[in-house]
Amino acid sequence: MRYLSTRGQAPILDFRAATLAGLASDGGLYVPESWPRFSDAEIAAMAGLSYVEVAVRVCRPFTAGALDDDALRAIFTAAYGRFAHDAVAPLKQLDHRHWLMELFHGPTLAFKDVALQALGLVFERFLAESGQHITVIGATSGDTGSAAIDALAGRAGVEVYMLHPDGRVSEVQRRQMTTVLDANIHNIAIAGNFDDAQALVKAMFNDAAFAARFPLAAVNSINWARLLFQVVYYFTSALSLGAPHRAVSYAVPTGNFGDVFAGYVAAQMGLPIERLVVATNRNDILHRALTSGDYSAGTVAPTDAPSMDIQVSSNFERLLFDLSGRDAAALAAAMAEFETTKKLHLPAAWRARAGLFTSARVDADEMVDTMRWALAHTGELLDPHTAIGLAAARRDTGSAPMVTLATAHPAKFPAAVEAATGVSPQLPARLADLMRRPERYDGAPAQLQAIEAYIAERARAK
Ligand SMILES: *Cc1c(COP(=O)(O)O)cnc(C)c1O
């Protein structure tokens, strides 16, 4: 499979190079040249297979030439062997129509472990083959950072610089990053919000002189391999609920549009998906874009679901590329306009191709009500992100079974969960001493020069 940039001006890469590149050199994102498609018979043949075996089948068309079946199997077996649940992404029934897919059984209790545990092993393998080393830079609203750090700590050839917005991640999230003391892990608390941190990372990738000195790689969901590994659990869950003979819908708590884009990819590959419900909190740029075409960034309002406190969703560009009819020139022009004016009106023709998606904006009261409803009616304690997803799911009027992606364990957000339900969620035993472990991190202003200088002092140049 070959990978091209959504903006059409960057070199075409194979899977290996696209995985190590992160952002394309023209500012775009790498996407596969075409969507491989399974027949119904091929999908039916996956029913009853283990998570690892479904993952091999779903990923192999995308990794051909770089990772064969045995390599994929070894990577997934090691990555998901670290999960606390053998099903990896188990489904839990809530009522006759609604299901939760629990994606938080990995080492850092959020769905990002599913992709990043595998990506860490892929990086290590590619780097060992070539003798290269890479500098991973990332911005996190909390969960990406901890999942990436856990996946990359101590790995040969990888140096990690993780930017988080100072004071805007929960204490559990911060500690999951800053208590990892391996020498290749560097945490930086930025004086700013998540969008500032993400803009700094993008600016480093776009700084040709800096990128020429340090071989930069991304672990944010701009990394294609990360999205690919998330496609797998759409397949396992739909198979459990009757695919390919019956369609399934999904409600996805959304921030950077990575997780729900993986659902879109699954649909392009032939999985029968009736609807993808994009759930946002009051930071609702995606809801406005999908309902009225108004893709304009406001200012970020901090909420109890910080991983969704985003105004600019990087991966939305990957969807826009398809909605434009894969017209890279038109998309590059649209994104250039968005980058200068922070506004874009989606043309009617583009929106007409987005029929798989609906959206919902869920504010704090409805989130709290949903947490209370779930506890009273099903006994489930939900984290704030999952509650927003379930609230959006419960508004949907379709007929297919509806799966809400449970993206984090409630104990990652104990204050919000306790305030809503009166119940204090307990950290699983493997993390019980987190609040007592020593921390290490540095603060920095949200200025490109300061961050680049910090990295240059510590990183190995090319
Ligand atoms: C990252 C995250 C999200 C948002 O996922 P995207 O792929 O960025 O849309 C939602 N919930 C939780 C708990 C997360 O960590």
Side-chain angles (χ1 to χ4, degrees), residues 29 100-116 119 138-150 162 164-165 168-170 172-174 176-177 194-195 197-198 218-231 233-234 250-265 276-281 283-287 289-290 300 303-319 357 359 362 367 371 382-392 404-414 416-417 425:
L29 300 175
L100 284 180
M101 174 156 54
E102 293 183 344
L103 298 172
F104 52 68
H105 293 286
T108 73
L109 310 181
F111 86 93
K112 294 181 172 77
D113 288 326
V114 179
L116 283 166
L119 185 64
T140 183
S141 51
D143 292 338
T144 297
S146 48
I149 286 168
D150 187 280
M162 189 57 63
H164 71 265
R168 302 208 194 185
V169 299
S170 79
V172 172
Q173 288 178 315
R174 188 191 72 237
Q176 284 183 314
M177 298 190 279
F194 171 71
D195 284 349
Q198 180 156 267
V219 287
N220 283 65
S221 52
I222 59 176
N223 186 297
W224 163 255
R226 224 185 108 173
L227 297 193
L228 171 60
F229 299 144
Q230 292 171 194
V231 176
Y233 47 70
Y234 288 91
Y250 293 88
V252 187
T254 296
N256 236 338
F257 208 76
D259 210 3
V260 72
F261 187 78
Y264 169 82
V265 174
L276 291 170
V277 181
V278 175
T280 76
N281 59 23
N283 298 294
D284 65 349
I285 179 171
L286 291 169
H287 175 55
L290 290 166
V300 179
T303 74
D304 283 337
S307 294
M308 300 162 71
D309 291 348
I310 281 174
Q311 283 292 341
V312 180
S313 290
S314 303
N315 281 294
F316 199 54
E317 178 166 342
R318 286 190 161 109
L319 179 67
F357 293 92
S359 65
V362 176
M367 178 193 82
M371 287 163 93
L382 306 182
D383 99 282
H385 306 77
T386 305
I388 289 170
L390 182 59
T404 298
L405 274 58
T407 50
H409 190 288
K412 271 199 114 155
F413 304 94
V417 173

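Remember, it's 1-based here, ligands and their atoms both numbered in the order they're listed. The residues of the chain are indexed from 1 along the displayed sequence.
With respect to D143 and K412, a salt bridge is recorded, a charged nitrogen being found less than 4.0 Å from a carboxylate O.
When all heavy atoms of F357 and V278 are compared, the closest pair comes out as CD2-CG2, 3.8 Å. A pairwise comparison of heavy atoms in V219 and R226 identifies O-NH1, 2.6 Å as the closest pair. The two residues F104 and H409 have their closest heavy-atom pair at CB-N, 3.4 Å.
For ligand 1, residues of the protein lying within 4.0 angstrom by heavy-atom distance are F111, K112, D143, P253, T254, G255, N256, F257, G258, D259, S307, H385, T407, A408.
In this model, no donor atom of one side chain and acceptor atom of the other lie less than 3.5 Å apart for N315 and N256.
A donor-acceptor pair under 3.5 Å is absent between the side-chain atoms of Q176 and the main chain of S146, judged by distance alone.
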